[in-house]
> 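The structure is given below, and queries will be raised subsequently.
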Amino acid sequence: MSLCYIGIGANLGDAKTTVKQAIQQLGLIPQTKLVKASSLYISKPMGPADQNDYVNAVAAIYTTLAPLDLLDATQAIELNYGRERKDERWGPRTLDLDILLFDNEQINQPRLVVPHYGMTEREFVLYPLYELTPQLCLPDGTTLASLIENIPLNGMIKDD
């Protein structure tokens with residue numbers, strides 16, 4: 001089985017409930033087992049400032065699915081929550097699920113890049129991931145702990 005980390009975010013509707021439900025939905029993907037999930041984190045939007053704050057988390061899963069099959073499954077969950085893919089980057093979302101890491105693989109395909117292209121610069125990915133696995137090393141050998149040292153919280157708070 002492959003150990004994968006999935007980034008989860010939402011800022012439309014009842015975002016907290018959506019993120020909690022999405023975590024459970026990840027565990028229902030065939031050939032997949034939910035291992036654990038981080039706390040919820042509230043962060044400022046990356047894109048246009050005239051949108052709601054985001055609710056974020058990271059989930060760890062084991063899966064026997066191939067990377068693109070896992071991508072298809074996560075995108076199906078997004079669609080079930082009303083996700084519309086638009087040209088606008090970093091706009092509001094009902095649900096966003098990103099494959100952050102797939103074992104220690106480096107994947108560069110038109111539909112999927114792993115490690116996720118922006119994860120090393122995003123506090124709303126790094127801090128929840130660090131909560132789950134502080135000893136993690138990325139495929140390039142970079143430690144998660146070293147990344148955390150250089151990424152400010154930018155107003156992000158843990159939701160208790």
> Answer yes or no: is there a side-chain heavy-atom contact under 4.5 Å between Leu136 and Thr143?
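Leu136 does not reach Thr143 side chain to side chain.
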> Kindly indicate whether a cation-pi arrangement holds for Arg122 with Tyr117, taking the cut-offs as under 6.0 Å to the six-membered ring centre and within 45° of the axis.
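Cation-pi check for Arg122 and Tyr117: passes.
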> Quick check for you: to the nearest 0.5 Å, what is the distance between Glu78 atom CD and Leu71 atom CG?
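Atom-to-atom, Glu78:CD and Leu71:CG are 8.5 Å apart.
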> Quick one, Met119 and Leu101 - any side-chain contact, counting heavy atoms below 4.5 Å?
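A side-chain contact exists here, since the closest heavy-atom pair is under 4.5 Å.
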> Just by distance, do the side chain of Thr32 and the backbone of Thr63 share a donor-acceptor pair under 3.5 Å?
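Looks like no, no N/O pair under 3.5 Å.
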> Say you draw a straight line from CZ of Phe102 to CG of Leu65; how long is it, rounded to the nearest 0.5 Å?
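Atom-to-atom, Phe102:CZ and Leu65:CG are 7.5 Å apart.
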> For the CD1 atom of Ile148 and the OH atom of Tyr127, what is their distance to the nearest 0.5 Å?
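If I round to the nearest 0.5 Å, the distance is 5.0 Å.
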> When you measure from the side chain of Asn56 to the backbone of Phe124, do you find a donor-acceptor pair of N or O atoms at a distance under 3.5 Å?
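Such a contact is absent between Asn56 side chain and Phe124 backbone.
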> Would you compute the distance between atom OG of Ser39 and atom CD1 of Ile157 and round it to the nearest 0.5 angstrom?
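Result: 12.0 Å between the selected atoms.
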> Can a donor-acceptor pair be found between the side chains of Tyr81 and Gln25 at a distance below 3.5 Å?
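Side chains of Tyr81 and Gln25: no pair found under 3.5 Å.
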> Measuring only between side-chain heavy atoms, which start at C-beta, is Leu95 closer than 4.5 Å to Ile8?
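A side-chain contact under 4.5 Å exists here.
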> Answer yes if the side chains of Glu123 and Ser43 hold a donor-acceptor pair under 3.5 Å, and no otherwise.
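Side-chain D/A pair, Glu123 to Ser43: absent.
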> To the nearest 0.5 Å, tell me how far Leu3 CG sits from Asn104 CG.
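If I round to the nearest 0.5 Å, the distance is 10.0 Å.
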> Is Lys16 reaching over with its side chain to a backbone N or O of Val55, donor-acceptor style, under 3.5 angstrom?
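Here the side-chain-to-backbone pair does not exist.
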> Of the non-hydrogen atoms in Leu132 and Ala60, which two are nearest, and what is the gap between them?
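That closest heavy-atom pairing would be CD1-N, 4.1 Å.
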> Salt bridge or not between Asp14 and Lys20? Use side-chain N to carboxylate O under 4.0 Å.
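The answer is no: the pair does not qualify as a salt bridge.
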> State the CD1-CZ distance between Ile99 and Arg111, to the nearest 0.5 angstrom.
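Rounded to the nearest 0.5 Å, the CD1-CZ separation comes to 9.0 Å.
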